[in-house]
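Counting convention: from 1, in listed order, for ligands and their atoms alike.
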Amino acid sequence: MNALERLEKLLDKEQFEKIKAIDNPELHEFLAEWIEWLEPSKVFVCTDSEEDEWYVRWKALYYGEEKMLETPNHTVHYDNYYDQARDKANTKLLVSGGKSLPFLNTIDREEGLKEIRELMKGVMRGKELFVCFFVLGPKNSVFTIPAVQLTDSAYVAHSEFILYRKGYEEFKRLGRSARFFRFVHSAGELDERKTSKNLGKRRIYIDLEGETVYSVNTQYGGNTIGLKKLAFRLTIQRAVREGWLSEHMFLMRVNGPNGRKTYFTGAYPSMCGKTSTAMIPWENIVGDDLAFIVPMNGIARGANVEKGVFGIIQGVNPEDDPIIWQVLHSPVEIIFSNVLVKDGKPYWNDMGTEIPDDGENHSGQWWRGKKDEESNEIPPSHKNARFTVSLEHFPNVDMDALEAPCGVEVGGMIFGGRDKDTWPPVREAFDWKHGIVTMGAALESETTAATLGKEGVRAFNPMAILDFMSVHIGDYLRNYLEFEGKLRKAPKIFAVNYFLRNKEGNWLNHKIDKAVWLKWMELRVHGDVDAIETPIGYIPKYEDLARLSREVLNKDYTRDDYEKQFTIRVPELLAKIERIEKIYREIGNIPEELFEVLAQERERLLKAREKYGDYISPFQLEKV
Ligand SMILES: Nc1nc2c(ncn2[C@@H]2O[C@H](COP(=O)(O)OP(=O)(O)O)[C@@H](O)[C@H]2O)c(=O)[nH]1
Ligand SMILES: C=C(OP(=O)(O)O)C(=O)O
Ligand SMILES: [Mn+2]
């Protein structure tokens with residue numbers, strides 16, 4: 001029997017017709033094989049129709065994976081108490097021969113496939129399987145990558161309808177020529193709260209060769225939403241092979257003088273400010289998490305891979321995040337996850353308004369002071385609690401840029417992380433190579449609650465991408481360095497640090513101050529403002545930041561704040577170079593240029609130290 005004939009047996013007539021309409025034997029084979037293997041008791045195929053989308057929304061409620069909230073179109077979903085973040089330990093790349101890759105968790109492909117197949121055999125008995133079609137990137141564009149998702153979680157399918165462009169028609173149009181990604185997910189057995197139960201058997205296995213990702217016994221979006229962080233491993237591999245960039249970056253428009261529009265991408269590790277930066281009210285959001293950057297006629301052009309936001313809700317308050325706050329309080333379609341709910345209303349940590357003393361949250365019935373099994377007090381919502389919403393609902397979305405088939409010209413690329421003591425809040429690289437090496441490849445950031453495990457540990461995280469890396473880091477960096485050669489005009493490279501602290505542990509800046517630094521970077525892209533040359537790149541002049549602070553925030557900016565933030569911290573910077581150099585030396589297969597650029601930076605720092613000492617005030621450097 002060929003695959004279509006098998007599918008005709010497995011699906012009821014209406015569903016079968018939907019599959020038959022796509023002329024792609026490879027797809028048919030994949031579906032037949034997995035439907036036979038997973039043994040769902042029912043299969044639903046989603047086309048691009050409104051009706052099918054409604055079906056999925058309804059099923060999320062019907063199966064109890066989501067519950068309605070008071071505001072129309074709002075629902076809440078819970079993940080298991082121990083399934084609240086990405087599981088790095090159980091996320092593995094399947095590589096032939098089990099070849100190890102530096103910093104990456106690999107397993108022999110055959111062994112991994114065998115293990116995951118065993119875990120998934122018959123896992124959907126008694127459940128409904130949703131077959132969904134989406135695309136990465138804008139439709140029918142140079143960026144488009146079609147993908148098919150199999151999942152027994154209506155919540156996962158629902159999330160994908162919010163986050164991705166529909167792809168059924170695209171599959172029909174492409175027929176046999178579709179080079180598509182495949183995702184197979186099962187939440188596994190569920191407990192009475194409809195959360196994944198067998199967390200000991202939680203696995204996320206990425207088959208790079210087959211461009212397929214398997215995920216089982218988990219529900220948390222970072223582990224399950226195929227087109228998000230799972231597809232990201234596959235797109236990095238394709239990008240490095242084909243000479244473009246697939247990055248962990250927001251994409252936003254910063255509005256310059258006289259209506260000038262300048263687009264920036266920004267790579268920060270999870271929980272380090274991508275979403276909150278992209279949502280600054282007076283600028284325009286295009287994307288908040290994943291970007292494709294492709295060289296076109298000598299210009300780097302960027303597009304958002306997604307069309308929605310799976311954002312962190314903790315700390316969202318009306319003052320700092322007026323746009324998100326407004327969206328979260330309007331009756332547009334939103335899934336809240338792992339928040340506190342009382343009387344049909346969602347609440348989260350640090351929301352700036354009063355939070356009830358009891359309700360339901362990620363731990364089940366909750367009351368203030370409740371402790372978990374490890375005797376930790378459970379806060380109202382999980383730190384990594386999230387909201388899922390489409391970008392079309394944001395008043396400041398740049399819709400034209402979001403749907404542009406050729407993307408938008410990238411004027412600047414920003415790298416940043418959680419760094420309490422080394423980097424200044426903003427600086428510009430001398431050139432592409434300097435930026436890629438000392439800002440991108442040298443990025444370190446403290447670990448956060450976005451992954452399971454200890455928080456606040458400084459960790460090597462080049463380009464904020466290490467968790468998702470799927471190729472040898474040396475090959476990845478070579479692709480980056482060579483990318484410049486494909487461009488007539490390379491984007492300017494910047495580094496930011498929103499997380500500097502003083503000795504007492506207090507932040508050296510306010511959350512909203514990044515709005516000023518963005519405006520400064522916009523001016524720098526066009527050469528509209530001078531800067532101070534330092535051993536580590538160009539930093540802003542006090543006068544410019546003070547003026548911008550007045551204009552943008554209507555706030556005074558003191559010389560004292562400036563000096564504290566922008567002091568060049570030579571010992572910390574030198575120690576960082578040591579750490580980074582050592583890591584790369586041990587890895588091997590690293591482009592020699594990286595070591596040259598790091599050595600030059602060290603030389604500049606040593607020279608500056610001789611002249612000015614360990615901690616160099618920006619005012620001293622300005623005088624030269
Ligand atoms: N101290 C401080 N915290 C920030 C700043 N920007 C964002 N955050 C916090 O960092 C966390 C993660 O931010 P988010 O933008 O969602 O990160 P993403 O995962 O990279 O998209 C949230 O709890 C924010 O409140 C900042 O400028 N200063
Ligand atoms: C979905 C995630 O993305 P981020 O925290 O970068 O928004 C994640 O890290 O699980
Ligand atoms: Mn985010």
Atoms in ligand 1 flagged as close to T275, the criterion being non-hydrogen separation under 4.0 Å: 15 (O), 16 (O), 18 (P), 21 (O)
Taking every non-hydrogen atom, the tightest pair across M271 and R418: O-NH2, 2.6 Å
Atom indices of ligand 2 within 4.0 angstrom of F310 heavy atoms, with elements: 1 (C)
Backbone or side-chain N or O of K514 under 3.5 Å from ligand 1 N or O: yes
Atoms of ligand 2 close to H248 [distance to a heavy atom under 4.0 angstrom, numbered from 1]: 6 (O)
Region of F250 engaging ligand 1 - heavy atom pairs below 4.0 Å: neither
Side chains of R202 and N198, donor plus acceptor under 3.5 Å: no
Inter-residue atom distance L290.CG - T235.OG1, 0.5 Å rounding: 7.0 Å
Y268/F250 aromatic ring centres below 6.0 Å: yes
Nitrogen or oxygen of K274 less than 3.5 angstrom from that of ligand 1: yes
Sub-4.0 Å heavy-atom contact, A450 with ligand 1: no
Subset of ligand 2 atoms that lie under 4.0 Å from at least one heavy atom of K229: 1 (C), 2 (C), 3 (O), 4 (P), 6 (O)
Contact with ligand 1 for G315, non-hydrogen, under 4.0 angstrom: no
Y498 six-ring centre to K514 NZ/CZ under 6.0 Å and within 45° of normal: yes
Which of the ligand 2 atoms, numbered from 1, are nearer than 4.0 Å to a heavy atom of K274: 6 (O)
Steps toward side chain to side chain donor-acceptor pair (under 3.5 Å) verdict (K307, S390): CA-CA 6 Å; K307 69 151 184 88; S390 276; 2.9 Å; yes
Region of W507 engaging ligand 1 - heavy atom pairs below 4.0 Å: side chain
Atoms in ligand 1 with a heavy atom of M271 nearer than 4.0 Å: 10 (O), 11 (C), 12 (C), 17 (O), 18 (P), 19 (O), 20 (O)
Between OH on residue Y155 and CG on residue D79, distance to nearest 0.5 Å: 5.5 Å
Aromatic centroids of F103 and F460 separated by under 6.0 Å: yes
Identity of the nearest option to atom 15 (O) of ligand 1, non-hydrogen atoms only, from S276, A515, G417: S276
Min side-chain heavy-atom separation L227-L163 under 4.5 Å: no
Shortest protein contact, atom 8 (C) of ligand 2 (heavy atom only): R86 NE, 3.3 Å
Name of the residue among V471, I473, T106 meeting side-chain contact (heavy atoms from CB on, under 4.5 Å) with L101: T106
Within reach of ligand 2, part of M271 (heavy-atom separation under 4.0 Å): backbone
Ligand 2 contact on D289 by region, counting heavy-atom pairs under 4.0 Å: side chain
Pi-cation contact, F468 with R233 (under 6.0 Å, within 45°): no
Residue pair S381, N349: steps toward the side chain to side chain donor-acceptor pair (under 3.5 Å) verdict: CA-CA 6 Å; S381 64; N349 305 341; 3.1 Å; yes
Nitrogen or oxygen of K511 less than 3.5 angstrom from that of ligand 1: yes
Exceeds 12 heavy-atom contacts within 6.0 angstrom, atom NE2 of H329: yes
Y220 neighbourhood, listing ligand 2 atoms whose heavy-atom distance to it stays under 4.0 Å: 8 (C), 10 (O)
Any G311 heavy atom less than 4.0 Å to ligand 1: no
Close-contact set for ligand 1 against P269 heavy atoms, below 4.0 Å: 20 (O)
Cationic tip of R193 above Y78 ring, under 6.0 Å, 45° of axis: yes
NZ or CZ of R386 within 45° of F336 ring axis and under 6.0 Å: no
Proximity of Q314 to ligand 1 by residue part, where a heavy atom lies under 4.0 Å: backbone
Which residue and heavy atom of the protein sit nearest atom 9 (O) of ligand 2, plus the separation: S270 OG, 2.7 Å
Per-atom contacts of ligand 2 with G222, taking only distances under 4.0 Å to non-hydrogen atoms: 10 (O)
Any R418 heavy atom less than 4.0 Å from ligand 1: yes
Heavy atom of the protein closest to atom 5 (O) of ligand 2 (residue, atom name, distance): R386 NH2, 2.7 Å
Atoms in ligand 1 flagged as close to S270, the criterion being non-hydrogen separation under 4.0 Å: 19 (O)
Protein residue, atom and distance nearest to atom 13 (O) of ligand 1, heavy-atom basis: G273 N, 3.6 Å
Heteroatom test (N, O or S) for S270 near the Mn ion (ligand 3), limit 2.8 Å: no
Nearest-0.5 Å distance that lies between atom CG in D513 and atom CG in L553: 6.5 Å
Any N/O pair F499/ligand 1 closer than 3.5 Å: no
Ligand 1 versus K383: contacting region, heavy-atom distance under 4.0 Å: neither
Straight-line distance of L340 CG to N361 CG, nearest 0.5 Å: 6.0 Å
